[in-house]
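A quick write-up on the structure given underneath.
The first residue of the sequence shown is numbered 1, and numbering continues consecutively from there. Atoms considered below: every heavy atom in the structure, side chains included; atoms not considered: hydrogens, waters and symmetry mates. Remember, predicted model here, so these are calculated numbers, not experimental data.
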Amino acid sequence: QNNVDIVIPLTDVECDALSPSKAYFKQNNIILACLDEELQSLCRNKLKLSKCLADVCNTIPSYIYGDDIKEDYPLILKPISGRSSQHQYIANNEKELASFARLRDDFIIQPFIKGSIYTVDLARDSKGNVLSLVRQELLRTVNGLGIAVETFKNHPLNKTTKNIANKLGIVGVVNMEFIENDGNYYFLEINPRFSGGLEFSQMAGYNFVKAMIDCHIGKEIELNLDIKELNIVQSYVKTITKQN
């Protein structure tokens with residue numbers, strides 16, 4: 001009725017709900033710009049994805065409660081398809097682990113690694129061209145949104161994320177997260193959508209919104225661009241409103 005040509009889901013919930021309907025949208029001449037259902041499901045399953053990528057990057061050993069856990073405390077518990085750092089718990093001993101494990105039946109358990117968070121916005125088209133932009137999140141909100149970041153023109157994670165994207169056959173724009181500890185980068189997750197900090201990457205020189213559209217209409221993405229190394233801070237203004 002409104003002549004919509006393309007729909008770009010923006011949140012995990014929207015991607016989960018809409019990806020099974022890509023064929024239906026296509027039958028109605030509408031492009032649904034998200035991953036195919038099978039890959040969407042894999043990216044949202046932290047346990048399966050970690051095992052799938054173990055041969056192309058450093059993944060964190062992952063368990064479910066009841067497994068023979070071979071890691072020292074502290075351990076972190078997170079929902080297998082969790083988002084925005086919600087419902088995560090850190091267990092410092094066996095008693096705490098058992099207590100937290102009773103709260104949900106879908107936890108994965110990993111060693112708790114301290115370090116710096118790096119997030120990578122990545123575009124890959126159907127021809128296999130890849131462009132990624134790495135940023136270190138210097139300051140984040142409690143739900144994982146970067147407030148102060150540093151962007152990088154060349155970084156080891158550019159190669160790592162390209163290998164991940166090629167292995168999975170990603171078409172479109174996604175966001176990948178890593179934690180750095182003692183010079184090693186450990187894979188955390190793939191957000192199969194635009195990242196909350198996408199504007200940082202736009203400011204650093206790459207139009208990921210255009211890339212998302214190009215990927216899903218069968219065009220090749222732009223590769224020869226001048227990526228800027230920036231320190232960017234996002235600020236908020238405090239306001240007080242009164243409701244009558």
Side-chain angles (χ1 to χ4, degrees), residues 4-57 59 81 83 118-135 151 155-178 185 187-202 204-225 227:
V4 172
D5 296 310
I6 185 167
V7 175
I8 305 178
L10 299 178
T11 68
D12 293 323
V13 174
E14 291 171 354
C15 292
D16 288 345
L18 292 174
S19 64
S21 301
K22 285 189 73 171
Y24 175 78
F25 276 79
K26 187 176 181 179
Q27 289 171 5
N28 288 274
N29 299 312
I30 300 171
I31 295 170
L32 186 57
C34 64
L35 301 180
D36 291 342
E37 181 181 8
E38 184 177 354
L39 183 53
Q40 168 73 22
S41 178
L42 175 62
C43 287
R44 296 281 285 122
N45 187 309
K46 292 180 173 61
L47 185 61
K48 288 183 179 180
L49 186 60
S50 177
K51 293 180 178 179
C52 175
L53 298 179
D55 62 335
V56 293
C57 64
T59 57
S81 298
R83 55 189 296 267
Y118 286 76
T119 184
V120 184
D121 289 321
L122 177 143
R124 182 180 184 274
D125 62 32
S126 57
K127 302 292 192 297
N129 298 309
V130 177
L131 189 290
S132 58
L133 201 154
V134 180
R135 64 179 181 268
T151 62
H155 193 277
L157 285 176
N158 290 119
K159 181 178 180 180
T160 300
T161 52
K162 181 178 182 178
N163 291 339
I164 292 172
N166 286 335
K167 179 178 176 65
L168 297 178
I170 288 171
V171 174
V173 173
V174 300
N175 174 259
M176 303 185 192
E177 291 193 10
F178 297 80
Y185 295 90
F187 172 81
L188 290 177
E189 64 180 349
I190 294 178
N191 298 304
R193 51 168 171 75
F194 288 147
S195 67
L198 188 75
E199 189 175 0
F200 296 132
S201 294
Q202 302 274 117
Y206 194 70
N207 190 340
F208 279 98
V209 177
K210 181 179 184 300
M212 175 71 95
I213 296 171
D214 287 345
C215 287
H216 286 279
I217 65 174
K219 290 181 63 176
E220 294 189 37
I221 59 174
E222 299 178 63
L223 295 174
N224 298 318
L225 295 164
I227 302 300

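- For the pair Asn207 (side chain) and Lys210 (backbone), a donor-acceptor distance under 3.5 Å is present.
- Listed for the Asn45 side chain is a donor-acceptor partner under 3.5 Å among the backbone atoms of Leu47.
- Shortest non-hydrogen contact noted between Pro192 and Val174 is CA-CG1, 3.9 Å.
- The minimum heavy-atom distance between Ala165 and Leu122, with the atom names listed, is CB-CD2, 3.7 Å.
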- Task: Determine, step by step, whether Phe187 and Phe178 satisfy the ring pair (Phe, Tyr, Trp, His ring centres under 6.0 Å) criterion, reporting the C-alpha distance in whole Å, the side-chain angles of both residues, the deciding distance to 0.1 Å, and the verdict.
- Result: CA-CA 5 Å; Phe187 172 81; Phe178 297 80; 5.8 Å; yes
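- Between the CG atom in Leu35 and the CZ atom in Arg44 there is a gap of 11.5 Å [rounded to 0.5 Å].
- More than 12 non-hydrogen atoms from other residues, nucleotides or ligands lie less than 6.0 angstrom from CD of Glu14.
- To the nearest 0.5 Å, atom OG of residue Ser81 and atom CG of residue Asp16 are 7.5 Å apart.
- Closest approach of Pro9 to Leu18, counting heavy atoms only: CG-CD1, 3.9 Å.
- With values rounded to the nearest 0.5 angstrom, Asp12 atom CG is found 6.0 Å from Asn191 atom CG.
- In this structure, a donor-acceptor pair under 3.5 Å is absent between the side chains of Thr11 and Arg193.
- Minimum interatomic distance between Asn129 and Glu220 (heavy atoms only, all atoms of both residues): ND2-OE1, 2.9 Å.
- Nearest heavy atom pair, residue Asp121 against residue Ser201, reads OD2-OG, 2.6 Å.
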- Query: Could you go step by step and tell me if Ile31 and Val7 meet the side-chain contact (heavy atoms from CB on, under 4.5 Å) rule?
  - Reply: CA-CA 6 Å; Ile31 295 170; Val7 175; over 6 Å; no
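- With hydrogens and angles ignored, the 3.5 Å screen pairs no side-chain donor or acceptor of Tyr118 with any backbone N or O of Met176.
- The backbone N or O of Leu157 sits less than 3.5 Å from a side-chain atom of Thr161, completing a donor-acceptor pair.
- Centroid-to-centroid, the aromatic rings of Tyr185 and His155 come within less than 6.0 Å.
- Distance check, rounded to the nearest 0.5 Å: CD1 of Ile30 to OH of Tyr24 gives 8.0 Å.
- A salt bridge between Asp125 and Lys219 is absent, with no side-chain N of the basic residue lying under 4.0 Å from a carboxylate O of the acidic one.
- Closest of all the heavy-atom pairs between Leu168 and Cys52 is CD2-SG, 3.9 Å.
- With rounding to the nearest 0.5 Å, the separation of CG in Leu49 from CD1 in Ile190 is 5.0 Å.
- Residues Thr119 and Asn175 have side chains that bring a donor and an acceptor to within less than 3.5 angstrom of each other.
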- Starting from the C-alpha separation in whole Å, work towards a yes-or-no answer on side-chain contact (heavy atoms from CB on, under 4.5 Å) for Cys57 and Ile164. CA-CA 8 Å; Cys57 64; Ile164 292 172; 3.9 Å; yes
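- Classification of Lys46 and Glu189 as a salt-bridged pair holds, one side-chain N sitting under 4.0 Å from a carboxylate O.
- Crowding of Lys22 atom NZ: a count of heavy atoms from other residues, nucleotides or ligands under 6.0 Å exceeding 12.
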- Passes side-chain contact (heavy atoms from CB on, under 4.5 Å), Leu198 versus Ser195? Steps please. CA-CA 5 Å; Leu198 188 75; Ser195 67; 3.9 Å; yes
